[in-house]
Structures are given as C-alpha cells and as structure tokens.
Amino acid sequence: MTQYIILLPLGIQLLGLLFVVLNDKYINKEQRKIMLVIISFVSLLVIQNVVENILGTSVSLPFLRTVFSILGYAIRPTIIVLFCKLVMPQKKHRIAWILVILNACIYSTALFSHTVFFISKNNHFFRGSILSYTAYFVSVVLIIYLVYCTISEYKRKGSALWIAFANATIIILTSVFDMTPLYREYPVSYLTIAVVSCSLFYYVWLHLEFVYEHENALKATQRIQIMMSQIQPHFLYNTLSTIQALCLMNPKKASEVTERFGTYLRNNMECLDQPNLILLSKELEHTRIYSEIEMLRFPEISVEYDIKTEDFYIPALTIQPLVENAIRHGVRSREQGLVTVATRASADFFEIIISDNGVGFNPKNFSNDESKHIGIANVKERVESMCGGTLTIKSEPDNGTTVTIKMPRRTV
C-alpha cells in the first residue's frame, strides 16, 4: 500500500487548486468554468490511473480494464485541449476537438477488436497496430497547438514563452518515461503527475496575468477620470466667467445664458460625471450650449455644423473641449472667427473634423505648451484608450487649425 502515498500530494494539489479557483475574484466566469472542468478531468484521470493499476495488478477483470484503459487514452488529449480553451476561451478550437473525438473513437474499437490494443484472458496488456500510439501522436499535435495558442494570446509577454515551452516539455518527457523501463507500476503514471502540476502552473501564471490586466484596467480608468476632472472644472469655470462678464455688459443676455447653462447642467451632468462612451448627439448638445454661450459674449464668432452622421458613440467631452480650444486660442482674435464641426462615415470608420480660421500654431510645438492644448491632449488620450481611434492635428501659423478624429466602426 505504500505506493499509494503519492495520491496524498496529488489530492492536496487538486483540492487546493479547486479552492483558489472558486475564490479567485480576478478570474472571469468563463475561465473559472473551464478551470473547474480541467480539475474535474484531471481528478478523473487520477482515479482512472488508480483503478487501472488495481485491475492490472490485484484484480483480473480484462473487460473492465479495457474500458478504463480506453478512458485514460481519451482523457489525456481532452485535458490538453481544455488548456487551449483556458488560454483562448473566445475560440472554438474545432479541429482540436475533432482530433480528440477521433482519438476516443479509435481506442473504443478495443471493445470489439485487437487492432489498437487488447487485454488477454490472463490480464496481460498487448498493443495492436501502430494505432495503439494514436493518443501520443494526437497529444504531440495538441501540445504544439497549445504552445501556439499561448504565444499568440500573450505574445507581448515573455512569460508566455516560458510557461508554454516548460509545460510542453514536461508533458512530452513524462510521456516518454511512461513508455520506457523508467516507468514502474505506480498507481498513477508520470504523465498524470505532470498533468496535475501543469494545471497548477497554468492557473498560477494565468492568475498573475488576470491580476496584471485588472490593475492596468483600474489604472486606465483612474487616468480617464483624472483627465475628465481636468476638463470639467475648466469648462465650468469658463462658462461662469462668461456669465459674470455678461452680467456687467448685458444683464438680459446674462439671464438667458444662466437659464441655458442651468438646463445644460440639469440634463447632462450625469453624462459629464462618467467616463463612458456616449452618443454623438449628446456630445453635440454639450457643444452647442457651450458655443451659444460663447457666441453671445463674442458676436464676431460663429460655430457651424455639418453633421452627416451622428449614430455612433464617442467619449464624453470629446468635441466640446476642441471647440472651446478653437475659440479661446484660435478665432477669438479674428474679426470674423469661424469654427466648423463636421462628421462623416465610411465603411471602416467614423470621422469628426473640427476646423477653424484662427491664428493656428506649429504642431511641432504642441507638447511644449500644455496650458493651451491640454484639451486636445486629453481628448487624444481618451479617443485612443477608449475607442482605439486616432486624433491628428493639421495647423499652420495664421492659417487656422484642423483636428481630425477617426474611430473604427464598432458595436457598443
């Protein structure tokens, strides 16, 4: 019975893995489900090894031993595909599953044929044709595919190479050991021990990746919130300054602006307070109210709109800060300042163009004057991080500025 002591550390590893998977707050629901299935299949493989060992050494039941041998040959490639599914849960892995099914079907023929393997009446195991090695050939192909999946999904991380090749090497070496005199009649094979260890390795590695991605997502959200907080007080301060100036110059207009600004705050503060994507129409509403307030104060300024499409989503406070920047730093010094907001759609992306006939600037000096261009910088950062879009600037001193935003078409 001393040979069964090896089951104790294997059981502890599987129970420990089950506990942490059930309580891991970072792993998503789909990958948790896959990991639980892996633990179930690995546990079943351990049980299959033990039962087959008993049937091969202590109890002579050839048919039952045949059934459990078939089960073992079928489970091992299945676990490798489940590893692939864990690494790339979004893929179907159809070809890999077809190989697993074919492998199981081939070994199932042992129930009525000696082509693959058979258990003699004296309870001795005999291989049939070369098909008896099908599980090993299939497993090698699937291991190569697992390495490919791991590297493809995490190609930017050096740890992906290490974990993929390490686990593949362990599985291949232990499979070789099981087919050589190095293998002794232990209740579980070297390969089964390796599969348990690889399950732990993959989970620990993926857990670290989950934590890393979660922390990056939090940092990105915090960065967006900081940028939004920089923009919102700036907009509110300028609007209140406009109202203050109008109170001295034209109290009636000041009353109109105050009413419009109150409506703006009442209807749109919720949108302003959250860094999510909003419909373009909502953003245009922000922009129109802001530009109307500015045009009341500066009659020589006009803002025009050429909206070809508005059925798409953008980050909150995308257009308004750019229009504000064009007015404050571009057209305010012109006798007839003009800012134009245009949108258009193509097969691949949506485009927003904010242009003005203002004083312009040298784009090469863009990063050297953050006080003037903080709105553009913040919009650029959020368009890139939240939409995968781009923001480009074309400007020449005394010839105006054009800011173009391109965002890939997507379903939000």
Side-chain angles (χ1 to χ4, degrees), residues 3-18 20-21 27 31 34-50 52-53 71-89 93 96 99-100 103 133-155 157-210:
Q3 67 268 29
Y4 289 98
I5 195 68
I6 195 173
L7 297 176
L8 181 60
L10 292 179
I12 292 174
Q13 289 181 65
L14 288 171
L15 286 174
L17 184 57
L18 176 63
V20 296
V21 168
I27 190 171
Q31 287 172 311
I34 296 170
M35 199 67 216
L36 292 175
V37 174
I38 289 175
I39 294 171
S40 300
F41 270 83
V42 173
S43 300
L44 181 60
L45 182 61
V46 173
I47 295 171
Q48 180 273 332
N49 275 208
V50 174
E52 186 178 3
N53 178 262
L71 182 62
Y73 284 121
I75 289 176
R76 290 163 190 153
T78 303
I79 293 173
I80 298 174
V81 179
L82 287 171
F83 282 147
C84 298
K85 187 68 176 175
L86 181 66
V87 173
M88 300 182 77
H93 307 283
L99 288 176
V100 167
N103 174 77
Y133 294 98
T134 299
Y136 298 98
F137 297 145
V138 170
S139 295
V140 168
V141 172
L142 293 177
I143 288 170
I144 294 173
Y145 179 61
L146 174 60
V147 172
Y148 164 77
C149 290
T150 307
I151 296 173
S152 297
E153 188 70 7
Y154 298 92
K155 56 187 174 183
K157 303 177 177 67
S159 59
L161 292 171
W162 180 87
I163 195 70
F165 283 111
N167 282 347
T169 302
I170 290 172
I171 292 173
I172 291 172
L173 286 177
T174 52
S175 297
V176 172
F177 291 164
D178 283 340
M179 294 187 292
T180 65
L182 291 173
Y183 175 68
R184 299 178 182 179
E185 293 298 326
Y186 291 126
V188 291
S189 65
Y190 291 125
L191 178 58
T192 299
I193 297 172
V195 168
V196 174
S197 299
C198 289
S199 300
L200 281 170
F201 295 157
Y202 255 108
Y203 170 74
V204 171
W205 170 64
L206 285 172
H207 170 80
L208 294 176
E209 296 298 336
F210 299 150

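Here, residue 1 is the first one in the sequence, and each next residue gets the next number. Note that these values count all heavy atoms, side chains included, but never hydrogens, waters or copies made by symmetry.
- Proximity of C198 to I170: side-chain heavy atoms (C-beta onward) are separated by under 4.5 Å at one or more points.
- With sequence neighbours excluded, no residue satisfies side-chain contact (heavy atoms from CB on, under 4.5 Å) with L15.
- For Y136, there are no ring-ring contact (aromatic ring centres under 6.0 Å, His included) partners two or more places apart in sequence or in a different chain.
- Between K85 and C149, the closest side-chain pair of non-hydrogen atoms is not below 4.5 Å.
- Listed by chain and number, the residues in a side-chain contact (heavy atoms from CB on, under 4.5 Å) with A74 are A104 (sequence neighbours excluded).
- Here the options are L142, V140, L146, V147, the test is side chain to side chain contact (heavy atoms under 4.5 Å, CB included), and the partner is I144; only V140 passes.
- Every residue meeting the side-chain contact (heavy atoms from CB on, under 4.5 Å) condition with Y148, not counting sequence neighbours, appears here in chain and number order: Y145, S152.
- Atom CZ in F137 sits 13.5 Å away from atom CG in L99 (nearest 0.5 Å).
- Atoms CD1 and CG, from I193 and L45 in turn, are 10.5 Å apart once rounded to the nearest 0.5 Å.
- Rounded to the nearest 0.5 angstrom, S197 OG and L10 CG are separated by 7.5 Å.
- Residue Q13 comes nearest to L200 through the heavy atom pair OE1-CD1, 2.8 Å, listed as atom of the first residue, atom of the second, then distance.
- Between the CG atom of L17 and the CD1 atom of I12 there is a distance of 13.5 Å, given to the nearest 0.5 Å.
- Residues meeting the side-chain hydrogen bond (donor to acceptor under 3.5 Å, both in side chains) test with E52, sequence neighbours left out: Q48, S69.
- For the atom pair CD1 (I39) and CG (L14), the distance works out to 7.0 Å, reported to the nearest 0.5 Å.
- Residues meeting the side-chain hydrogen bond (donor to acceptor under 3.5 Å, both in side chains) test with S199, sequence neighbours left out: none.
- Within the 4.5 Å cutoff, side-chain heavy atoms of I38 are placed close to those of I34.
- Side-chain contact check for F83 versus I79: some heavy-atom pair is nearer than 4.5 Å.
- In this structure, the side-chain contact (heavy atoms from CB on, under 4.5 Å) partners of T134, at least two apart in sequence or on a different chain, are N103, I106, Y107, L131, V138.
- Nearest heavy atom pair, residue S139 against residue P77, reads OG-CG, 3.8 Å.
- No option in N49, I75, V42 other than N49 meets the side chain to side chain contact (heavy atoms under 4.5 Å, CB included) test with T192.
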